[in-house]
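Here is the structure we will look at.
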Amino acid sequence: MSSKIFGLIALTAIIEQTKTPKNFLYNLLVGEEKPEKVEELEIQNKEAGRKKAPLVGKRQQGVFIVKDSFAVQRVKPAWIKLQTVNEAEAVFEQQFGQTPYADPQAVGKQMLAEAMKEFKNIAFRTRQWMLIETLRTGVCPMEEGAQGVKYGDINSEVLTGNDLFSNPNCNPIDYLEKKQTEIQKQTGVVIDTVIFSPDVAGAFLKNEKVKEYLNTRHANYVRVNDSKAENDDGRKEIAYLPTLGITIFSFVDWYQDMETGNEEQVVPAKTCIGVKAKSFAFRYAAMSLRTEQGKPAQLLVKKEAIRKWYPDYSEDEELQYFSRPLCMPREDVKSWFIATVL
């Protein structure tokens, strides 16, 4: 029974049925996840409406070092490789009366489920980190100490003086309309979502011009959920701007930067992000893997795969997880903006 359960194809089918963790930002921004039939991915991205190959260069301490003279159109995504000792296998092989567990089959299945869930969580956190870095820098990180894929220079700016959302003379809605129009003119993409850090959300709702816009006389046209408790995933819908077709969220969450190990806020303080929902994608390169030791490698066209393995350096049997994701904009690298507004 166990040999059938722990085969590569069966394990991969199980991990595909394991639920991915919920995350507001990931679900909002990722509109496509597609496994490809090739190990190298060809990328045709746009910057301000013009097709442009991504630049490849070294990343040092989280900073992308551009090599302007080295442009490529084909990228080999980095591997996510995880492993754990396959303790469930031993439980599956136990006979009744030889284990303290009343039902070794049930215990083995539970241990397998827990291992699958942990693999899924770690891989998801890795993809979330890739998404955040791509959103904030225009660069999809690759393996440690190797190359990052830069899709272009994103729209970013730091507001000052009367333009700050906290300034009584500022009209944040006019600013959002201006950015929406600029990006539509540049790329053809219409922003429909704005994400604030909590401090920006507070300043936005206290602004007198915003209060006037969201006055009760507009009640038939807007929805304001300021009294609604924050959701479990850290988001809170605070306004809908009917004249712009923009929904505004306040969002707070933290992630661990996999290069520095530091805990960082997903949406940094004082930050406003404007983006079109579902405007990012993950493409997964095919994986050349041996289904069993001693057999030739096969090309597996999957988002993720799991196999059992007997490593030379250990007597333990391992469960091994593999995936080769690449985060990329579905639209134009200029189709979103990030601004420091406080």
Side-chain angles (χ1 to χ4, degrees), residues 24-25 28-29 46-49 132 135-138 152-228 230 234-252 265-280 329-342:
F24 161 68
L25 202 64
L28 173 72
L29 296 181
K46 292 181 180 181
E47 182 174 349
I132 293 166
L135 174 69
R136 289 172 53 171
T137 67
D153 296 320
I154 65 172
N155 278 310
S156 62
E157 62 182 339
V158 177
L159 303 186
T160 59
N162 289 337
D163 294 330
L164 293 172
F165 281 17
S166 54
N167 191 298
N169 296 320
C170 172
N171 188 332
I173 293 173
D174 284 351
Y175 172 76
L176 296 178
E177 182 177 15
K178 183 188 78 169
K179 297 303 295 183
Q180 185 185 56
T181 302
E182 284 178 0
I183 288 174
Q184 183 178 8
K185 183 178 179 181
Q186 225 178 1
T187 68
V189 176
V190 180
I191 287 174
D192 58 14
T193 304
V194 167
I195 305 164
F196 291 152
S197 56
D199 53 348
V200 172
F204 178 83
L205 292 174
K206 290 176 183 176
N207 184 282
E208 291 300 324
K209 294 180 174 63
V210 171
K211 287 182 179 180
E212 183 180 353
Y213 183 93
L214 299 177
N215 195 281
T216 52
R217 65 176 176 270
H218 300 293
N220 291 332
Y221 307 101
V222 300
R223 60 182 189 269
V224 181
N225 297 324
D226 191 40
S227 60
K228 185 177 179 181
E230 189 174 88
R235 68 181 167 93
K236 183 178 181 183
E237 182 180 335
I238 64 170
Y240 175 69
L241 310 182
T243 56
L244 305 181
I246 288 177
T247 302
I248 300 178
F249 295 96
S250 168
F251 180 64
V252 60
Q265 199 165 313
V266 172
V267 181
K270 306 180 181 181
T271 298
C272 164
I273 299 174
V275 65
K276 180 178 174 63
K278 307 297 183 185
S279 57
F280 289 83
R330 297 180 72 189
E331 305 283 354
D332 194 302
V333 74
K334 296 290 190 184
S335 65
W336 72 91
F337 76 89
I338 298 180
T340 302
V341 298
L342 291 180

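Values reported hereafter were calculated over all heavy atoms of this structure, with side chains retained and with hydrogens, waters and symmetry mates removed.
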To the nearest 0.5 angstrom, please state how far the [atom1] atom of [X] sits from the [atom2] atom of [Y].
{"X": "S279", "Y": "D192", "atom1": "OG", "atom2": "CG", "result": "8.5 Å"}
{"X": "K236", "Y": "I248", "atom1": "NZ", "atom2": "CD1", "result": "13.5 Å"}
{"X": "E177", "Y": "L241", "atom1": "CD", "atom2": "CG", "result": "10.0 Å"}
{"X": "L159", "Y": "N167", "atom1": "CG", "atom2": "CG", "result": "11.0 Å"}
{"X": "D199", "Y": "L342", "atom1": "CG", "atom2": "CG", "result": "5.5 Å"}
{"X": "L135", "Y": "L29", "atom1": "CG", "atom2": "CG", "result": "6.0 Å"}

Does any part of the side chain of [Y], heavy atoms only, come nearer than 4.5 Å to the side chain of [X], both counted from C-beta?
{"X": "T247", "Y": "E237", "result": "yes"}
{"X": "P329", "Y": "W336", "result": "yes"}
{"X": "V267", "Y": "V200", "result": "no"}
{"X": "R235", "Y": "L28", "result": "no"}

| query | Angle class for the Y175/F337 ring planes (parallel below 30°, perpendicular above 60°, tilted otherwise)? | reply | perpendicular
What is the ring orientation for F165 with F196, classed by angle as parallel under 30°, tilted 30 to 60°, or perpendicular over 60°? perpendicular
Check your understanding: Please walk me through it: do D153 and V333 pass side-chain contact (heavy atoms from CB on, under 4.5 Å)?
Key -> CA-CA 7 Å; D153 296 320; V333 74; over 6 Å; no
Could you check whether any side-chain N or O of [X] sits under 3.5 Å from a backbone N or O of [Y], counting only pairs where one atom can act as donor and the other as acceptor?
{"X": "T187", "Y": "I183", "result": "yes"}
{"X": "E331", "Y": "V189", "result": "no"}
{"X": "S197", "Y": "K270", "result": "yes"}
{"X": "Q184", "Y": "V190", "result": "no"}

Across all chains, not counting sequence neighbours, the ring pair (Phe, Tyr, Trp, His ring centres under 6.0 Å) partners of F249 are F24
message = Can you tell me if K206 has over 12 outside heavy atoms packed within less than 6.0 Å of its NZ?
response = no
Practice task
Could you go through the side-chain contact (heavy atoms from CB on, under 4.5 Å) check for V341 and F204 one step at a time?
Solution key: CA-CA 10 Å; V341 298; F204 178 83; over 6 Å; no
Contacts of K179 meeting salt bridge (charged side-chain N to carboxylate O under 4.0 Å, His left out) (sequence neighbours excluded), chain-then-number -> E157, E182
Decide, yes or no, whether a salt bridge links E208 with K211 under the criterion of side-chain N to carboxylate O below 4.0 Å. yes
When every non-hydrogen atom of A239 is compared with those of L214, the smallest separation belongs to CB-CD1, 4.2 Å
